[in-house]
Amino acid sequence: MATIKLPEESQHNDMVKKVDAMIREISKSSSMSAATRALGLRPSILIGEHQELAHIMAKRGLLNLQNHMIGLAVAAARSSPYELHEHTRVLQLEYGLDSGQIVELAATVAHVTSINAFEKVVAAFNDNAPMRAQDPSAPVLVEVRQKLGSIPRYFLYMANDPRYTKIVLDRELATVHEGDVSRLNKELVAYATSVVNDGKLSILYRAEVLRSLGLTNEQLFEVTTVVSIFVKNAAFTTALQLEPSQA
């Protein structure tokens, strides 16, 4: 239940309704969303919301499909049910993603979040046992290079436990490299997840992979701005405990 009393659509003035119409043209929502009903209490902030949404959905270096995939990743990483529902709804209804493809995206977020949790501890050990970077010639790291084309730095530390390393490697292949969703789009999801989770080693690796798949630095910058806006949206709707729409 929302932490504030949300005005009904009919209770907002004409200016709020006009901005809402522009937002709905972009979001494809069939009614005034709970977020707009809340933001309508402060119209100047609502206008800014429309400007942000129009800017990131202007089909610059990224497709709107990719923006919503990034939005799903941010919402999942930030545990924001309202935003997660909204982005999933658009991906299903507007872009035709089926349940299996949504599972692929969710699994990618979960996989990368697991890696991010591990890599944050690397610095705490200061390259001392039991978390010391292993030699790239170790058999499990040779396998990582063979299957991924390079060795992400966090794997050097995971290699202290070869069996665990193999588990993570197999999961990387199953979630990011395979499936119906393209590798590029899942790497965008992985990058966004790493940014939200502050996984520095993952950010470097995913950015490198995205460049190898053809993204420019300008497009990577755009991805980062999209992430930052969706992080803001997740913080807002979660703080107010807005409930996902039923539309």
Side-chain angles (χ1 to χ4, degrees), residues 1-98 101-102 105 109 185 188-189 191-193 195-196 218-247:
M1 182 178 295
T3 57
I4 63 170
K5 181 174 176 55
L6 297 177
E8 296 298 328
E9 182 174 345
S10 60
Q11 295 176 296
H12 282 299
N13 61 36
D14 289 342
M15 189 271 282
V16 170
K17 293 177 182 177
K18 181 178 179 179
V19 176
D20 172 56
M22 293 187 288
I23 290 175
R24 282 161 61 176
E25 185 175 348
I26 299 171
S27 67
K28 309 301 182 184
S29 177
S30 60
S31 59
M32 183 180 285
S33 69
T36 299
R37 288 164 61 194
L39 286 166
L41 294 169
R42 292 295 180 267
S44 62
I45 303 177
L46 177 63
I47 291 171
E49 179 75 10
H50 170 255
Q51 291 172 338
E52 291 175 356
L53 187 61
H55 179 65
I56 64 175
M57 295 297 182
K59 295 183 180 178
R60 297 174 294 154
L62 297 175
L63 301 174
N64 285 348
L65 165 67
Q66 293 170 324
N67 284 328
H68 284 292
M69 287 182 174
I70 292 168
L72 182 151
V74 170
R78 277 299 175 99
S79 300
S80 177
Y82 180 91
E83 297 297 326
L84 187 58
H85 179 274
E86 292 301 306
H87 288 291
T88 302
R89 176 185 64 82
V90 172
L91 288 170
Q92 292 175 318
L93 298 182
E94 298 298 323
Y95 296 100
L97 268 67
D98 61 29
Q101 290 169 310
I102 297 297
L105 296 177
V109 174
N185 286 342
L188 286 171
V189 166
Y191 175 80
T193 302
V195 171
V196 174
E218 288 73 19
Q219 288 172 307
L220 273 172
F221 178 79
E222 183 179 342
V223 175
T224 308
T225 62
V226 171
V227 170
S228 71
I229 288 174
F230 285 147
V231 165
K232 182 268 299 177
N233 291 350
F236 176 77
T237 58
T238 303
L240 292 181
Q241 298 182 45
L242 299 185
E243 298 176 358
S245 68
Q246 299 304 312

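Note that these values count all heavy atoms, side chains included, but never hydrogens, waters or copies made by symmetry.
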Evaluate the criterion salt bridge (charged side-chain N to carboxylate O under 4.0 Å, His left out) for residue pair Glu8 and Arg37; output intermediate values, then yes/no.
CA-CA 7 Å; Glu8 296 298 328; Arg37 288 164 61 194; 3.5 Å; yes
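Scanning both residues, Tyr191 and Val223, for their nearest heavy atoms gives CD2-CG1, 3.6 Å. Between Ser27 and Val90, the shortest heavy-atom distance links the atoms O-CG2, 3.8 Å. For the pair Leu105 and Val189, the tightest heavy-atom approach, listed with the atom from each and the gap, is CD2-CG2, 3.9 Å. The minimum heavy-atom distance linking Thr237 with Ala35 is given by the pair CG2-CB, 4.2 Å. Across Leu242 and Ala2, no two heavy atoms sit closer than the pair CD2-CB, 4.0 Å. Nearest heavy atom pair, residue Leu240 against residue Ala38, reads CD1-CB, 3.9 Å.
Looking at residues two or more places apart in sequence or on another chain, you find no salt bridge (charged side-chain N to carboxylate O under 4.0 Å, His left out) involving Glu25. The salt bridge (charged side-chain N to carboxylate O under 4.0 Å, His left out) check on Lys232 picks up Glu49, Glu52, with sequence neighbours excluded.
Thr36 OG1 to Leu41 CG: the interatomic distance, rounded to the nearest 0.5 Å, is 11.5 Å. A distance of 11.0 Å separates OG1 in Thr225 from CG in Leu220, rounded to the nearest 0.5 Å. Here NE2 of His85 is found 11.5 Å from CD of Glu83. Values are rounded to the nearest 0.5 Å. Here the straight-line distance linking atom CD1 of Ile47 with atom NZ of Lys18 works out to 10.0 Å at 0.5 Å rounding. Rounding to the nearest 0.5 angstrom, the gap separating the CZ atom in Phe230 from the OG atom in Ser80 is 11.5 Å. Note that CG of Leu91 is 6.0 Å distant from CG of Leu72, once rounded to the nearest 0.5 Å.
When the options Leu62, Val74, Asn185 are evaluated for a side chain to side chain contact (heavy atoms under 4.5 Å, CB included) with Met69, the one that passes is Asn185.
Contact check for Asn64 versus Asn67: side-chain heavy atoms found under the 4.5 Å cut-off. Residues Leu97 and Leu65 have side chains in contact (heavy-atom distance under 4.5 Å, counting atoms from C-beta outward). Residues Arg89 and Ser29 meet the side-chain proximity criterion, which asks for heavy atoms closer than 4.5 Å.
Ring orientation note: the planes of Tyr95 and His68 are tilted relative to one another, at an angle of 30° to 60°.
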